[in-house]
Trainee: 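I'd like to ask some things about the structure below.
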Amino acid sequence: MSKLKKLLVEDWVVTFLSIPLLIIAGLAGLFPSIKNVLSVPSDLLHSESWLNIGALFLLALVVLYVGNRLLSRPLRGLFWSFVVVFAISMLAQLTAKIGFIKAWGFEAVFFSVIFGLIIRNAFHIPEWLKPAIQGEFFIKIGVVCLGATILFRDFLAAGSLALIQGCVVVFCVWMFAFFLSKKMGVDERSAMTLSSGLSICGVSACITAAGVANTDGKKLSYIVSVVLIIVVPMIYIMPYLAKLVVPLLTDDPTIQAQIAGAWIGGTVDTTSGVGAASAIYSDEANKIAMIVKATQNVLIGVVAFFIALYLSSKSAGDGKLHRPSLKIVWEKFPKFVLGFVLASAVFSMLQSYEIFPDFAAKKLAETSMAKNFSGFFFSLAFVCIGMDTRLKDIVSKENRNILYTFLGAQTFNIIFTFFVAWLLFGIVKPALGL
């Protein structure tokens, strides 16, 4: 019985609950109707849209009820509370799908936070609305589903130079951002979240790192908001800067486009932002930028694993690094990270062994479905975080330090990534005739 109780904790429960979701995602290639039904619609003008919303609501409600039952949490009042959380999440996701808003690069989680904040700060949150406000629960499910979108083939497809740039940039920018955060008085766990989002891929990396580091939800919402706000001017600044600087290095237009693409891909913090910014420069730059970004995205799991390992090796008493036994590391290690890694490994093997019907496609229906689930649960999580955050927490001194740290680290990121992109794609690649 004691062994069973050890499994009935949130990390294990969300991992188990993610398995049916991943199975559904794995069947998306064989049964395309699954993806059509379990996707957020673009509008509410058709009966199919309401069918989609109903299917998503039922799926999430079952996950929430089963999870709370296994965790021995009260079920009374959960239904109507979740109706409100789900409705706000749907509003946020539909808002993010509006054409001109989508073009600006704002993601659904941004609006989820904003709408949650408005409700929390403009109105009193009644007791009946609180049972379904479980941001951490939803985040962990989203992280496990996100693992299924990280395929090993992306390492191979990216090419050696993109892989080298990704590893060098992520490591150096992450370490600089973390160092600067500590100097600016940002707490360690928030510093890890900020560093991951800035160096890897924005929102997904922030959420994954925050889940592993157990970052305070209020600070996570602020960091995500900063990422999504800063990325908007970056979409227009980076291609302009590339057109201004890169031609000074070489007269070859192909090499220029590759340097610019690698630079943009390594500095703009969201994948959609990278696509928009690099497309402004050229089609060739767009190809390189997306490859570089895909490489950095794959490193989410690696960084999350090392964050978890680092934190599990710290003594709870003195906060210093120690060399604990494997048993202690295992006890402290966030188990849902294993779910993330296993999801990535299983989906990668299914793709490599051609079990997925669309295994040769650049974008698989299965991973796309898993990404939909991930984004859906992230949106639910950020509605909860927003509804649990007061505006005075947003404008606190420490949060201002987070903003200043992000701007300083992003400046370093732009300069450092430029030199790495120039070295690899402007010197090494032409010299090797690649």
Side-chain angles (χ1 to χ4, degrees), residues 14-15 17-30 32 34-35 38-40 56 59 93 96 107-109 138-158 162-163 166 170 196-197 200-212 224 265 269-275 290-305 336-353 355-382:
V14 297
T15 300
L17 289 174
S18 299
I19 293 174
L21 298 175
L22 294 174
I23 292 174
I24 293 172
L27 296 173
L30 289 172
I34 292 177
K35 185 179 178 183
L38 293 174
S39 295
V40 178
L56 285 170
L59 178 71
Q93 293 179 77
E107 298 183 22
V109 292
F138 293 127
I139 278 181
K140 290 178 179 179
I141 293 178
V143 168
V144 176
C145 292
L146 182 67
T149 70
I150 310 297
L151 299 182
F152 298 159
R153 72 167 185 181
D154 292 337
F155 275 112
L156 302 176
L163 181 57
V170 167
S196 300
I200 305 174
C201 63
V203 174
S204 296
C206 282
I207 296 172
T208 304
V212 174
V224 167
D269 289 322
T270 66
T271 302
S272 58
V274 167
M290 296 308 291
I291 290 174
V292 168
K293 195 61 178 176
T295 305
Q296 293 188 190
N297 290 352
V298 175
L299 295 174
I300 296 176
V302 177
V303 173
F305 180 83
F336 73 95
V337 174
L338 299 180
F340 175 98
V341 174
L342 286 173
S344 175
V346 170
F347 270 59
S348 294
M349 286 189 290
L350 291 173
Q351 185 276 325
S352 63
Y353 286 112
I355 295 175
F356 287 152
D358 53 351
F359 70 93
K362 184 177 180 181
K363 186 176 182 180
L364 302 182
E366 297 80 7
T367 57
S368 179
M369 187 76 245
K371 188 172 184 179
N372 287 347
F373 282 148
S374 179
F376 171 62
F377 281 99
F378 284 161
S379 180
L380 290 173
F382 274 82

Trainee: Listed by chain and number, what are the side chain to side chain donor-acceptor pair (under 3.5 Å) partners of K293, not counting sequence neighbours?
Mentor: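 K293: no side chain to side chain donor-acceptor pair (under 3.5 Å) contacts found.
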Trainee: Is any side-chain heavy atom of F138 closer than 4.5 Å to one of V14?
Mentor: no
Trainee: Could you report the tightest heavy-atom contact between V109 and S379, atom names first, then the distance?
Mentor: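 The pair with the smallest heavy-atom distance is CG1-N, 4.2 Å.
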Trainee: What I'd like to find out is whether the side chain of L146 reaches to under 4.5 Å of the side chain of S204, using heavy atoms alone.
Mentor: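 In short, these two side chains touch, coming nearer than 4.5 Å.
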Trainee: For the residue pair D269 and G197, what are the closest heavy atoms and their distance?
Mentor: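 Taking every non-hydrogen atom into account, OD1-O, 3.8 Å.
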Trainee: Give, for atom CZ of F378 and atom NZ of K371, the distance between the pair rounded to the nearest 0.5 Å.
Mentor: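 So the CZ of F378 and the NZ of K371 are separated by 11.0 Å.
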Trainee: Should we say atom NZ of K35 is surrounded by more than 12 heavy atoms from elsewhere, each under 6.0 Å from it?
Mentor: yes
Trainee: To the closest 0.5 Å, what do you measure between CG (L30) and CG (D358)?
Mentor: 9.0 Å
Trainee: Identify the heavy atoms of F373 and A25 that sit nearest to each other, and give their distance.
Mentor: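 In this case the closest contact between F373 and A25 is CE1-N, 4.3 Å.
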Trainee: Going from CZ on F376 to CG on L21, what distance comes out if it is rounded to the nearest 0.5 angstrom?
Mentor: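 If I round to the nearest 0.5 Å, the distance is 9.5 Å.
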Trainee: At what distance, to the nearest 0.5 angstrom, does CG of L17 lie from NZ of K140?
Mentor: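 Spacing of CG (L17) from NZ (K140) equals 12.5 Å.
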Trainee: Is any side-chain heavy atom of T208 closer than 4.5 Å to a side-chain heavy atom of I200?
Mentor: no
Trainee: Give the minimum heavy-atom separation between V224 and C206, together with the two atoms involved.
Mentor: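 Nearest pair, atom of V224 first, then C206: CG2-CB, 4.1 Å.
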Trainee: Ignoring hydrogens, what is the shortest heavy-atom contact between G29 and P357? Give both atom names and the distance.
Mentor: C-CG, 3.6 Å
Trainee: Using side-chain heavy atoms (C-beta onward) and a distance below 4.5 Å, is N372 in contact with L38?
Mentor: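 No. Closest side-chain heavy atoms not under 4.5 Å.
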Trainee: State, yes or no, whether a side-chain contact exists between I207 and V203 at a heavy-atom distance under 4.5 Å.
Mentor: yes
Trainee: Is there a donor-acceptor pair under 3.5 Å between the side chain of Q351 and the backbone N or O of F359?
Mentor: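 Between the backbone of F359 and the side chain of Q351 there is a qualifying donor-acceptor contact (under 3.5 Å).
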Trainee: Let me have the donor-acceptor pairs involving side chains of residues 336-349, under 3.5 Å, with sequence neighbours excluded, atom names and distances please.
Mentor:
from: S344; atom 1: OG; to: I150; atom 2: O; distance (Å): 2.6
from: S348; atom 1: OG; to: F152; atom 2: N; distance (Å): 2.9
from: S348; atom 1: OG; to: S344; atom 2: O; distance (Å): 2.7

Trainee: May I ask you to test the L59-I24 pair for a side-chain heavy-atom distance under 4.5 Å?
Mentor: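 With C-beta onward as the side chain, the pair touches.
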Trainee: So do the side chains of L22 and V144 get within less than 4.5 Å of each other, counting heavy atoms only?
Mentor: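 In short, these two side chains touch, coming nearer than 4.5 Å.
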Trainee: Taking all heavy atoms of A205 and all of S196, pick out the closest pair and write down the distance.
Mentor: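 Heavy-atom minimum between the residues: CB-O, 3.4 Å.
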Trainee: With side chains defined as the heavy atoms from C-beta onward, is the minimum distance between M369 and C145 less than 4.5 Å?
Mentor: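 With C-beta onward as the side chain, the pair stays apart.
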